[in-house]
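No hydrogens, no waters, no symmetry mates; every other heavy atom, side chains included, goes into these values.
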Amino acid sequence: MTESSGLPGAASPRAARTQLARTAALLVPPLGRLLRQRDRLRTTCHRLREERDRACRERDTFRAERDALVLSVADPGPGAARPPAAETTGGHEPDLQYLFVLTYGRSGSTLLQNLLNAIPGVLVRGENHGVLYELYRFHSKVLHHRDRLARPEPLPPFHPWWGIDGYPEAEALAGMRRLVLDTLIRPRPDSRIVGFKEISWPEEDLADYVAFLRRLFPGARFVFNTRDLADVARSKWWATMPDAPQRLARIERRMSEVVESLGDAAVRVHYDDYCADPETLRPLHTWLGGEFDAERVRTVMAVRHSY
């Protein structure tokens, strides 16, 4: 007796299983081919990603070399007329002027840094994350305790603060100045104005910190670089901060107050202004004792400086 569902034309379970097995046998080879094609595509995609990454690295290298060449064109070169080299003979400190760029992040300060470095005799290094603030804190704390414990006679050896009353302020400042010059700024033989640009500045005691820098670097001057704050607030990390517009306005206001108190020792430049018209930088060059070279300025501005 054969298996049957009892319905006319219906296949028996055995016949259905047989048909299913035949269908699976027909499908297995195409599935195997699809799996092999998938694996080949994965291998190809991996290889293409590696080639893309290598091409991106080569592109970045070429861009860096191109920008270095462009900036070397802006550099006046060894054959150009330069101010006298800074002398360090006879144990005396080099005859240098000091310049610092006061600004906040995403203000176009890297462009300004290179525009300043295109002026003969000017060397403005990049950021150092405000490390000189640690020198300020060290110096301020020692002075506080020295003055607090000042007596007509030196503190005796059995005093718990013995020796701090003899802290030599002038010698300390001279040592810190040599430290910064020798390690961070590293003037070139032809440097006459040196310094750095910085975006990390304290908010609460900015005026005191700037006053310390002017004691540390006698005659120091400051370039205050600003930019449209709405554009800054939309840029990079600022865009992740809900209160960026308020924070930036507060930072710029405090910096402006300090700059105003410096008088002729500070000058303000605005990124949007000198990008629209490089001629607005002419007074800055005059202030620094350099000649405004419009062609050199255009050459520097042709290089991408946003990182």
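Trp201 and Leu213 make their closest contact through CZ3-CD1, 3.8 Å (heavy atoms, listed as atom of the first residue, atom of the second, distance). In terms of heavy atoms, Trp287 sits closest to Asp264 at NE1-O, 3.1 Å. Across every non-hydrogen atom of Ala233 and Ala244, the tightest pair is CB-CB, 4.2 Å. In terms of heavy-atom proximity, Arg192 sits nearest to Leu288 at NH1-O, 3.1 Å.
No option in Arg52, Arg54, His46 other than His46 meets the side-chain hydrogen bond (donor to acceptor under 3.5 Å, both in side chains) test with Glu50.
Looking only at side-chain heavy atoms (C-beta outward), Val223 and Leu102 stay at 4.5 Å or farther from each other. With contacts defined as side-chain heavy-atom distances shorter than 4.5 Å, the pair Leu111/Val300 qualifies. Between Val131 and Val180, every side-chain heavy-atom pair lies at or beyond the 4.5 Å cut-off. At a threshold of 4.5 Å between non-hydrogen side-chain atoms, the residues Val194 and Leu181 count as touching. Residues Leu216 and Tyr98 are not in side-chain contact: their nearest non-hydrogen atoms beyond the backbone lie 4.5 Å or more apart. Using a 4.5 Å cut-off on side-chain heavy atoms (C-beta onward), Ile199 and Thr110 make no contact. Counting only heavy atoms from C-beta outward, the side chains of Leu229 and Pro245 never approach each other to under 4.5 Å. The shortest side-chain heavy-atom distance between Tyr104 and Leu248 falls under the 4.5 Å cut-off.
Listed by first then second residue, pairs satisfying side-chain hydrogen bond (donor to acceptor under 3.5 Å, both in side chains) with a partner in residues 119-130 read Glu127-Lys197, not counting sequence neighbours. The ring-ring contact (aromatic ring centres under 6.0 Å, His included) analysis of residues 222-252, with sequence neighbours excluded, yields the pairs Phe100-Phe222. Sequence neighbours left out, the pairs with a member in residues 175-187 that pass salt bridge (Lys or Arg N to Asp or Glu O under 4.0 Å) are Glu93-Arg177. Screening residues 206-225 for side-chain hydrogen bond (donor to acceptor under 3.5 Å, both in side chains) gives Gln97-Arg221, Ser107-Asn225, Asn225-Tyr274 as the qualifying pairs, with residues at least two apart or on separate chains. The stretch residues 146-157 participates, sequence neighbours left out, in these side-chain hydrogen bond (donor to acceptor under 3.5 Å, both in side chains) pairs: His145-Arg148. Residue pairs meeting the salt bridge (Lys or Arg N to Asp or Glu O under 4.0 Å) criterion with at least one member in residues 244-256, sequence neighbours excluded, are Glu203-Arg250, Glu203-Arg254, Glu204-Arg254, Glu252-Arg268.
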For this session: Evaluate the criterion side chain to side chain contact (heavy atoms under 4.5 Å, CB included) for residue pair Leu96 and Ile193; output intermediate values, then yes/no.
Result: CA-CA 6 Å; Leu96 293 170; Ile193 300 176; over 6 Å; no

Exercise for review: With side chain to side chain contact (heavy atoms under 4.5 Å, CB included) as the test, would you mind laying out the steps for Glu257 and Glu260 before giving the verdict?
Suggested key: CA-CA 5 Å; Glu257 292 170 354; Glu260 287 295 325; 5.8 Å; no

Check your understanding: Do Thr226 and Thr103 pass the side chain to side chain contact (heavy atoms under 4.5 Å, CB included) test, and can you show the C-alpha distance, the side-chain angles, and the key distance before you say yes or no?
Key -> CA-CA 7 Å; Thr226 61; Thr103 190; over 6 Å; no

**Verdict with supporting geometry, Gln113 and Val101, side chain to side chain contact (heavy atoms under 4.5 Å, CB included)** = CA-CA 8 Å; Gln113 171 191 324; Val101 176; 6.0 Å; no

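The distance from atom OH of Tyr133 to atom OG of Ser140, rounded to the nearest 0.5 Å, is 8.0 Å. From Leu116, atom CG reaches atom CG of Leu123 across 10.5 Å, with rounding to the nearest 0.5 Å. Here Met301 contributes atom CE and Asn114 contributes atom CG; the two are 11.5 Å apart, rounded to the nearest 0.5 Å. With values rounded to the nearest 0.5 angstrom, Leu179 atom CG is found 10.5 Å from Ile185 atom CD1. For the atom pair NE2 of His270 and CG of Asp272, the computed distance is 4.0 Å after rounding to the nearest 0.5 Å. For the atom pair CD1 of Ile119 and CD of Glu291, the computed distance is 11.0 Å after rounding to the nearest 0.5 Å.
By the salt bridge (charged side-chain N to carboxylate O under 4.0 Å, His left out) test, Asp228 is found to be paired with no residue, residues two or more places apart in sequence or in another chain being considered. For Glu51, the salt bridge (charged side-chain N to carboxylate O under 4.0 Å, His left out) test picks out Arg47, with sequence neighbours left out. In terms of the salt bridge (charged side-chain N to carboxylate O under 4.0 Å, His left out) criterion, residue partners of Arg234 (sequence neighbours excluded) are, by chain and number, Asp231. Checked against salt bridge (charged side-chain N to carboxylate O under 4.0 Å, His left out), Glu279 has the following partners two or more places apart in sequence or in another chain: Arg282. Residues meeting the ring pair (Phe, Tyr, Trp, His ring centres under 6.0 Å) test with Phe292, sequence neighbours left out: His285.
Put simply, the side chain of Asp277 never gets that close to the backbone of Asp273: no donor and acceptor are under 3.5 Å apart. Of the possible donor and acceptor atoms, none in the side chain of Ser235 sits under 3.5 Å from a partner among the backbone N and O of Val232. For Arg227 (side chain) and Arg106 (main-chain N/O), a donor-acceptor pair under 3.5 Å exists by modelled atom type.
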Output a table of donor-acceptor pairs, distance under 3.5 Å, between side-chain atoms of residues 162-175 and any protein atom two or more places apart or on a different chain; print 'none' if there are none.
| residue | atom | partner | partner atom | Å |
| --- | --- | --- | --- | --- |
| Trp162 | NE1 | Leu155 | O | 3.4 |
| Asp165 | OD2 | Leu155 | N | 2.9 |
| Tyr167 | OH | His139 | ND1 | 2.8 |

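Applying the 6.0 Å contact sphere to CD of Gln246 captures more than 12 heavy atoms from other residues, nucleotides or ligands. Taking a 6.0 Å sphere around CG of Asp39, one finds it holds more than 12 heavy atoms contributed by other residues, nucleotides or ligands.
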